[in-house]
Amino acid sequence: MTTERLRALGLVALRLGTTAWLGAGVMFLAILLGLRGSPLFDVATKDQHPRVLFPRYYLVEFVCLGLALAGALASAGRIKSIPENPTLPAFRLPGPTVWLGLAMVAALMDYFVLYRPLAEMLGQPPYPDSFRRLHEWSRWVNSGILLLTLVASLQSLWPTRER
């Protein structure tokens, strides 16, 4: 496989992964808000839904962000040699790689540091103050992940300049 073909496939994976995660994340939010506000579900069901929905949420998040990050790394092309040493190739990491790397770190932190302790507290009301604090942090972190993914997606979709 040629370098150009690998870069092109990487760009496809980057674009697919970012747009898939943005769509899935927004859809999940819409479903979650609908469930929380619906009179069709009792309080016990609403308290237990994270045990059913969130493992799948994180699985889809890690698959999409992983695909996008791998694509970003594969599409990061070799550029001109370093002027001081022309034998060493210089590599550039495009913006999407940085944003997706940050998003993946935040997603891992959210899962291991925030979600898992929250999941252990579920089903045991009344919830301690730490539950509300962790839940708020998780909301902010997940919003940040979607924002970082949006920036990476826009950068990957933006047309490049002709040289």
Side-chain angles (χ1 to χ4, degrees), residues 7-76 92-161:
R7 290 183 66 202
L9 287 173
L11 189 58
V12 168
L14 165 61
R15 290 173 173 170
L16 178 64
T18 57
T19 55
W21 176 239
L22 287 169
V26 170
M27 186 178 88
F28 179 83
L29 178 62
I31 289 170
L32 185 66
L33 291 175
L35 179 123
R36 297 294 301 169
S38 174
L40 298 174
F41 299 102
D42 61 14
V43 174
T45 302
K46 291 177 183 181
D47 278 352
Q48 293 298 320
H49 80 273
R51 290 182 184 213
V52 175
L53 297 177
F54 279 94
R56 289 160 180 83
Y57 171 88
Y58 287 109
L59 175 65
V60 171
E61 179 180 43
F62 291 135
V63 168
C64 290
L65 288 179
L67 175 68
L69 185 56
L73 289 168
S75 67
R92 70 175 169 86
L93 293 176
T97 305
V98 173
W99 303 126
L100 290 168
L102 290 171
M104 184 61 88
V105 168
L108 288 166
M109 192 253 339
D110 178 48
Y111 179 75
F112 288 106
V113 176
L114 301 172
Y115 169 71
R116 291 188 63 182
L118 283 168
E120 289 176 13
M121 293 181 213
L122 287 172
Q124 302 170 7
Y127 297 118
D129 290 337
S130 61
F131 182 87
R132 181 174 299 273
R133 190 171 48 254
L134 289 173
H135 188 253
E136 285 298 316
W137 271 101
S138 185
R139 283 183 181 181
W140 281 104
V141 169
N142 280 290
S143 298
I145 292 166
L146 285 173
L147 183 61
L148 289 167
T149 307
L150 175 65
V151 171
S153 182
L154 290 173
Q155 282 186 335
S156 73
L157 293 167
W158 204 262
T160 58
R161 275 192 222 163

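Side chains included, hydrogens not; waters and symmetry mates left out as well; all remaining heavy atoms used.
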### Message
Could you measure the distance from the CG atom of Asp47 to the CE atom of Met121? Nearest 0.5 Å is fine.
### Response
13.5 Å

Which donor-acceptor pairs under 3.5 Å do the side chains of residues 19-28 make with protein atoms, sequence neighbours left out?
| from | atom 1 | to | atom 2 | distance (Å) |
| --- | --- | --- | --- | --- |
| Thr19 | OG1 | Arg15 | O | 2.7 |
| Thr19 | OG1 | Leu16 | O | 3.3 |

#### Entry: Nearest heavy-atom neighbours spanning Ser75 and Gly10
CB-C, 3.9 Å

### Message
Can you confirm whether Leu134 sits close enough to Trp137 that some side-chain heavy atom of one is under 4.5 Å from a side-chain heavy atom of the other?
### Response
no

### Query
Between Ser153 and Thr149, is there a donor-acceptor pair closer than 3.5 Å when you use the side chain of the first and the backbone of the second?
no

### Query
Say you draw a straight line from NZ of Lys46 to CG of Leu40; how long is it, rounded to the nearest 0.5 Å?
9.0 Å

#### Entry: Pro96 side chain reached by Thr18 side chain, heavy atoms, under 4.5 Å
no

### Message
Within this structure, what is the OH-CG distance for the pair Tyr57 and Asn142, rounded to the nearest 0.5 Å?
### Response
3.5 Å

### Query
Ala13 and Gly71: which non-hydrogen atoms are nearest, and at how many Å?
CB-CA, 3.9 Å

## Note on the structure
Nearest heavy-atom contact between Leu14 and Ala68 is CD1-O, 3.7 Å

#### Entry: Where Leu11 and Ser156 come nearest, the two heavy atoms and their spacing
CD1-O, 4.1 Å

### Residues which pass salt bridge (charged side-chain N to carboxylate O under 4.0 Å, His left out) with Arg133, listed by chain and number, not counting sequence neighbours
none

#### Entry: Over all atoms of both residues, closest heavy-atom pair of Asp110 and Ser138
OD1-OG, 2.8 Å

### Query
Judged by atom type as modelled, is there a donor-acceptor pair below 3.5 Å linking the side chain of Arg56 to the main-chain atoms of Val52?
yes

### Task
Measure the spacing between CG of Leu67 and CG of Leu100 and express it to the nearest 0.5 Å.
10.0 Å

### Query
Going by heavy atoms in the side chains, are Ile145 and Leu65 under 4.5 Å from each other?
yes

### Message
Could you measure the distance from the CZ atom of Phe54 to the CD atom of Glu61? Nearest 0.5 Å is fine.
### Response
10.5 Å

### Message
For the OG atom of Ser143 and the CG atom of Leu148, what is their distance to the nearest 0.5 Å?
### Response
11.0 Å

### Task
On the 0 to 90° scale, with breaks at 30° and 60°, tag the Tyr58-Tyr115 ring pair as parallel, tilted or perpendicular.
tilted

### Task
Verify side-chain contact (heavy atoms from CB on, under 4.5 Å) between Phe62 and Met104, making sure each step is shown before the conclusion.
CA-CA 7 Å; Phe62 291 135; Met104 184 61 88; 3.9 Å; yes

### Query
Within a reach of under 6.0 Å around CG of Asp129, are more than 12 heavy atoms found that belong to other residues, nucleotides or ligands?
no

### Verdict with supporting geometry, Trp99 and Leu150, side-chain contact (heavy atoms from CB on, under 4.5 Å)
CA-CA 9 Å; Trp99 303 126; Leu150 175 65; over 6 Å; no

### Message
Looking at Arg116 and Tyr111, would you say the former's side chain and the latter's main chain have a donor-acceptor pair under 3.5 Å?
### Response
no

### Message
Testing the basics here: between His49 and Leu32, what is the closest heavy-atom pair and its distance to 0.1 Å?
### Response
NE2-CD1, 2.8 Å

